[in-house]
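Right, one structure below, let's go through it.
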Amino acid sequence: MTRIGLEFFARDVLVVARDLIGVTVLVDGVGGLVVETEAYHREDPASHAFRGPTARNISMFGPPGHTYVYLSYGMHWCLNFVAHRGDGGSGILIRALEPTHGLGEMARRRGIAGPRSLCSGPGRLTQALGVTRAQNALPLDAPPFELHAREADLPIAVGPRIGISQAQDRPWRFGLAGSPYLSKPFSPRT
DNA sequence: CTATAGATAATCT
DNA sequence: GATTATCTATAGG
C-alpha cells in the first residue's frame with residue numbers, strides 16, 4: 001500500500017484524471033476506489049475556471065494536490081482534486097467510488113441500504129464521505145484525507161462528460177471499464 | 001429500460 | 001433574473 005504525494009497532481013490534468021482510476025480515497029477512514037473522473041481544464045468553456053479566478057473557484061488556482069469543493073444545483077457538494085503543472089485553474093471532478101471502507105457509515109449518511117448507489121455519482125459520494133465546503137482547499141496528503149496508489153493496471157474507459165452544456169464533445173470522462181459503481185455506463189465505442 | 005419534473009441556493013450576468 | 005460539473009421519485013414503454 002503506497003501513499004500518494006502531492007507531486008502526483010503536478011502533471012497534466014488529463015493524465016492525472018486517467019491515473020486516478022483505481023486509487024483509494026478515504027475521508028476520515030471512509031471511502032473507496034475511484035472508478036470515475038472528469039477533467040476540467042482552464043481553457044475549457046465547461047470549467048468553472050474558464051473565466052478566471054473568482055471567490056468560488058479560487059482553490060483551483062492554488063497548488064496542485066488540494067481540494068476544490070463547490071455546491072451544485074443548490075443541494076449537492078462536488079469534490080474535485082486540483083491538478084496542473086504550475087499554471088493553475090485545472091481540476092478533476094471525482095464522479096464515483098467503489099465503496100470499500102466504512103460501508104455502514106456511508107449507508108447511514110445516505111439513508112439507503114445497498115452498496116450500489118452509495119457513491120455512484122458526484123453528489124452521492126460527497127454525502128457518503130461527509131464532504132462539504134469545510135473540506136475545500138485542503139491538501140490531499142494530510143488528514144482527514146488518505147490516498148493510496150492503485151495496485152495493478154486497470155482497463156480504462158473514456159467518453160464525453162456528463163451534465164454539461166459547453167464543450168460536450170471533449171472525451172474527458174474516465175472510468176473503470178465495466179464497473180457496476182459508475183454513475184452511468186460508458187458507451188461501448190463510437 | 002428511458003423520460004421528465006421538482007427540489008433548492010450559491011454564483012454569475 | 002438566469003444558470004447550474006445533481007439526485008430522486010414517478011410515469012410510461
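All figures in this text were calculated on a predicted structure; none of them were measured in a lab. The chains referred to below are lettered A, B, ... by the order of the sequence lines, with proteins before strands, and numbering in each begins at 1.
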Would you say A:Arg110 reaches C:dT8's phosphate, i.e. side-chain N/O to OP1/OP2 under 4.0 Å?
->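 Yes, A:Arg110 has a side-chain N/O under 4.0 Å of OP1/OP2 on C:dT8.
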
Charged N to carboxylate O under 4.0 angstrom, A:Arg161 versus A:Glu38?
->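 Salt bridge absent between A:Arg161 and A:Glu38.
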
Should the pair A:Glu146-A:Arg3 be classified as a salt bridge under the 4.0 Å nitrogen-to-oxygen rule?
-> yes

Looking for any heavy atom pair under 4.0 Å, which part of the strands does [X] touch: base, sugar-phosphate only, or nothing?
X	answer
A:Gly123	sugar-phosphate
A:Arg51	sugar-phosphate
A:Leu93	base
A:Ser183	nothing

Does A:Thr67 use its side chain to pair, donor to acceptor, with the backbone of A:Val69 at less than 3.5 Å?
-> no

Establish, for the pair A:Arg11 and A:Phe9, whether the NZ or CZ atom is under 6.0 angstrom from the six-membered ring centre and no further than 45 degrees off its axis.
-> no

Report yes or no: is the cationic atom of A:Arg173 (NZ for Lys, CZ for Arg) closer than 6.0 Å to the six-membered ring centre of A:Phe186, at no more than 45° off its axis?
-> yes

In whole angstrom, give the distance that lies between atom [atom1] of [X] and atom [atom2] of [N].
X	N	atom1	atom2	answer
A:Gln127	C:dT8	CD	P	7 Å
A:Gln168	C:dT4	CD	P	10 Å
A:Leu118	C:dC7	CG	C1'	14 Å
A:Arg95	C:dT6	CZ	C1'	9 Å
A:Arg116	C:dT8	CZ	C1'	17 Å
A:Ile162	C:dA5	CD1	C1'	10 Å
A:Glu38	C:dA5	CD	P	10 Å
A:Leu182	C:dT6	CG	P	15 Å

Taking the six-membered ring for Trp, does A:Tyr73 stack with C:dC7 (centroid gap under 5.5 Å, planes within less than 30°)?
->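 Per 5.5 Å and 30° rule: no stacking.
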
Counting only Watson-Crick or G-U wobble pairs whose two distances fall under 3.5 Å, which nucleotide matches C:dC7?
-> B:dG6

Quick one: how far along DNA chain B does chain A reach, first to last nucleotide 5' to 3', anything under 4.0 Å to a heavy atom?
-> B:dA7 to B:dT13

Any chance CZ of A:Arg51 has more than 12 other-residue heavy atoms, nucleotides or ligands included, within less than 6.0 Å?
-> no

Under the side chain to side chain donor-acceptor pair (under 3.5 Å) criterion, do A:Ser59 and A:Asn136 qualify, and how do the steps go?
-> CA-CA 8 Å; A:Ser59 51; A:Asn136 185 41; 3.2 Å; yes

